[in-house]
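First up is the structure itself, then whatever we jot down about it.
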Amino acid sequence: MKTKTAVFSNLCNRELFMPGNVVGQKLKLPVYKKIFKDENLIKILENESINQTVDAFIKNGLNLSLASANSYLHRNTLIYRIDKINKMIGLDLKKFEDCMIYVNMRQIYLMVVKQ
(Lines give C-alpha, C1' and ligand atoms only; values in the text may rest on other atoms or scores of the structure.)
Protein backbone atom coordinates (compact mmCIF):
# COMPACT_ATOMS: atom_id res chain seq x y z
CA MET A 1 0.00 0.00 0.00
CA LYS A 2 1.43 3.36 -1.05
CA THR A 3 1.56 6.28 1.32
CA LYS A 4 -0.48 9.32 0.37
CA THR A 5 2.63 11.48 0.40
CA ALA A 6 4.59 9.34 -2.09
CA VAL A 7 6.34 11.77 -4.42
CA PHE A 8 5.39 9.77 -7.51
CA SER A 9 1.71 9.43 -6.65
CA ASN A 10 1.51 12.83 -8.39
CA LEU A 11 1.26 12.20 -12.16
CA CYS A 12 3.03 15.48 -12.98
CA ASN A 13 6.12 14.30 -11.07
CA ARG A 14 6.08 11.01 -12.99
CA GLU A 15 5.88 12.85 -16.31
CA LEU A 16 8.97 14.95 -15.50
CA PHE A 17 11.17 11.86 -15.53
CA MET A 18 9.69 10.04 -18.54
CA PRO A 19 12.29 9.41 -21.27
CA GLY A 20 10.54 11.65 -23.78
CA ASN A 21 10.63 14.55 -21.34
CA VAL A 22 14.27 14.04 -20.35
CA VAL A 23 16.21 12.92 -23.43
CA GLY A 24 17.23 15.85 -25.60
CA GLN A 25 15.24 18.33 -23.53
CA LYS A 26 16.28 21.24 -21.39
CA LEU A 27 16.13 20.06 -17.79
CA LYS A 28 13.66 21.84 -15.52
CA LEU A 29 16.20 22.36 -12.72
CA PRO A 30 14.02 24.35 -10.28
CA VAL A 31 11.26 21.74 -10.49
CA TYR A 32 13.72 18.87 -10.01
CA LYS A 33 15.35 20.59 -7.04
CA LYS A 34 11.92 20.94 -5.42
CA ILE A 35 11.17 17.24 -5.92
CA PHE A 36 14.59 16.25 -4.57
CA LYS A 37 13.76 17.86 -1.22
CA ASP A 38 11.40 14.98 -0.40
CA GLU A 39 12.85 13.08 2.58
CA ASN A 40 11.66 9.66 1.46
CA LEU A 41 13.09 10.18 -2.01
CA ILE A 42 16.47 11.20 -0.60
CA LYS A 43 16.52 8.13 1.68
CA ILE A 44 16.01 5.89 -1.34
CA LEU A 45 18.47 7.69 -3.62
CA GLU A 46 21.20 7.78 -0.98
CA ASN A 47 20.81 4.10 -0.03
CA GLU A 48 23.61 2.25 -1.82
CA SER A 49 22.21 -1.24 -1.16
CA ILE A 50 18.86 -0.28 -2.68
CA ASN A 51 20.54 1.22 -5.74
CA GLN A 52 22.69 -1.89 -6.22
CA THR A 53 19.56 -4.01 -5.93
CA VAL A 54 17.74 -1.90 -8.52
CA ASP A 55 20.73 -2.11 -10.87
CA ALA A 56 20.83 -5.90 -10.53
CA PHE A 57 17.07 -6.12 -11.07
CA ILE A 58 17.23 -4.02 -14.25
CA LYS A 59 20.37 -5.76 -15.53
CA ASN A 60 18.57 -9.08 -15.25
CA GLY A 61 15.53 -7.99 -17.24
CA LEU A 62 13.24 -7.28 -14.26
CA ASN A 63 13.42 -10.97 -13.37
CA LEU A 64 13.44 -11.42 -9.58
CA SER A 65 14.92 -14.93 -9.63
CA LEU A 66 17.78 -14.05 -11.98
CA ALA A 67 18.52 -10.81 -10.15
CA SER A 68 18.66 -12.51 -6.76
CA ALA A 69 20.87 -15.34 -8.06
CA ASN A 70 23.27 -13.06 -9.94
CA SER A 71 23.59 -10.51 -7.15
CA TYR A 72 23.85 -13.13 -4.38
CA LEU A 73 20.83 -11.68 -2.60
CA HIS A 74 18.04 -13.72 -1.10
CA ARG A 75 14.95 -13.36 -3.27
CA ASN A 76 12.91 -12.06 -0.32
CA THR A 77 15.53 -9.36 0.35
CA LEU A 78 15.31 -8.24 -3.26
CA ILE A 79 11.50 -8.17 -3.11
CA TYR A 80 11.60 -6.26 0.20
CA ARG A 81 13.87 -3.56 -1.24
CA ILE A 82 11.80 -3.15 -4.40
CA ASP A 83 8.59 -2.98 -2.36
CA LYS A 84 10.23 -0.42 -0.06
CA ILE A 85 10.72 1.87 -3.07
CA ASN A 86 7.06 1.48 -3.98
CA LYS A 87 5.91 2.28 -0.45
CA MET A 88 8.23 5.23 0.09
CA ILE A 89 8.12 7.04 -3.26
CA GLY A 90 5.30 5.41 -5.24
CA LEU A 91 7.23 3.69 -8.05
CA ASP A 92 6.53 0.02 -8.79
CA LEU A 93 9.79 -1.22 -10.28
CA LYS A 94 8.11 -4.39 -11.49
CA LYS A 95 6.70 -2.16 -14.24
CA PHE A 96 9.12 -1.18 -17.01
CA GLU A 97 7.86 2.41 -17.17
CA ASP A 98 8.49 2.94 -13.46
CA CYS A 99 12.00 1.49 -13.84
CA MET A 100 12.71 4.05 -16.57
CA ILE A 101 11.43 6.83 -14.34
CA TYR A 102 13.65 5.61 -11.48
CA VAL A 103 16.77 5.39 -13.66
CA ASN A 104 16.18 8.85 -15.16
CA MET A 105 15.41 10.31 -11.74
CA ARG A 106 18.59 8.85 -10.23
CA GLN A 107 20.75 10.23 -13.05
CA ILE A 108 19.15 13.68 -12.82
CA TYR A 109 19.59 13.58 -9.04
CA LEU A 110 23.32 12.94 -9.50
CA MET A 111 23.56 15.83 -11.98
CA VAL A 112 21.44 18.33 -10.05
CA VAL A 113 22.19 17.62 -6.40
CA LYS A 114 25.51 15.78 -6.36
CA GLN A 115 27.27 17.92 -9.01
Side-chain angles (χ1 to χ4, degrees):
M1 185 169 136
K2 297 178 209 171
T3 60
K4 290 183 181 180
T5 60
V7 70
F8 288 103
S9 60
N10 180 342
L11 292 177
C12 292
N13 289 346
R14 295 173 66 85
E15 288 293 319
L16 283 170
F17 294 99
M18 293 295 292
N21 293 329
V22 174
V23 178
Q25 301 294 323
K26 184 177 178 183
L27 296 178
K28 300 166 181 79
L29 294 179
V31 179
Y32 291 130
K33 286 182 180 181
K34 182 179 178 186
I35 291 172
F36 292 136
K37 290 181 180 177
D38 184 84
E39 288 180 23
N40 289 330
L41 184 58
I42 298 300
K43 286 179 186 176
I44 294 293
L45 291 171
E46 294 288 330
N47 188 319
E48 191 62 34
S49 62
I50 286 181
N51 285 307
Q52 289 174 349
T53 302
V54 171
D55 290 342
F57 184 59
I58 291 171
K59 184 178 180 181
N60 289 282
L62 308 185
N63 184 311
L64 291 168
S65 298
L66 281 176
S68 66
N70 291 332
S71 62
Y72 305 105
L73 274 176
H74 192 279
R75 191 172 190 275
N76 290 345
T77 302
L78 191 112
I79 292 169
Y80 170 78
R81 290 178 182 170
I82 289 172
D83 286 345
K84 185 175 183 177
I85 291 171
N86 191 7
K87 289 175 187 167
M88 289 183 73
I89 64 174
L91 289 177
D92 182 3
L93 296 187
K94 295 172 190 161
K95 297 178 183 175
F96 178 76
E97 181 178 294
D98 285 3
C99 278
M100 292 300 300
I101 291 170
Y102 186 85
V103 169
N104 289 338
M105 174 199 51
R106 188 169 63 182
Q107 290 303 314
I108 292 170
Y109 175 76
L110 292 173
M111 291 186 315
V112 171
V113 177
K114 293 290 186 174
Q115 300 178 20

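This structure is a prediction, so every number in the text was calculated from the model and none was measured.
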Donor-acceptor under 3.5 Å (N51 side chain, N47 main chain): yes
Where S68 and L78 come nearest, the two heavy atoms and their spacing: N-CD1, 4.2 Å
CE-CG distance between M100 and L93, expressed to the nearest 0.5 angstrom: 12.0 Å
Straight-line distance of K59 NZ to Q52 CD, nearest 0.5 Å: 12.0 Å
Closest contact, heavy atoms only, L45 versus M105: CD2-CE, 3.8 Å
Closest non-hydrogen atom pair between D92 and D98, with its separation: N-OD2, 2.8 Å
Distance (rounded to the nearest 0.5 Å) between N40 CG and K87 NZ: 13.0 Å
Hydrophobic cluster identity match, L66 and L73, side-chain contacts under 4.5 Å: no
Shortest non-hydrogen contact between N70 and N60, atoms and distance: ND2-OD1, 2.6 Å
Atom of I42, atom of F36 and distance for their closest heavy-atom approach: CD1-O, 2.9 Å
Test side chain to side chain contact (heavy atoms under 4.5 Å, CB included) applied to I44 and L91, step by step: CA-CA 11 Å; I44 294 293; L91 289 177; over 6 Å; no
Straight-line distance of R106 CZ to I50 CD1, nearest 0.5 Å: 11.0 Å
Distance-minimising heavy-atom pair for A56 and A67: O-CB, 3.7 Å
Atom pair CD1 (I85) and OG1 (T53), whose distance is rounded to the nearest 0.5 Å: 8.0 Å
From F57 atom CZ to R81 atom CZ, the distance as rounded to the nearest 0.5 Å: 13.5 Å
Hydrophobic cluster membership, Y80 vs L62, 4.5 Å side-chain cutoff: no
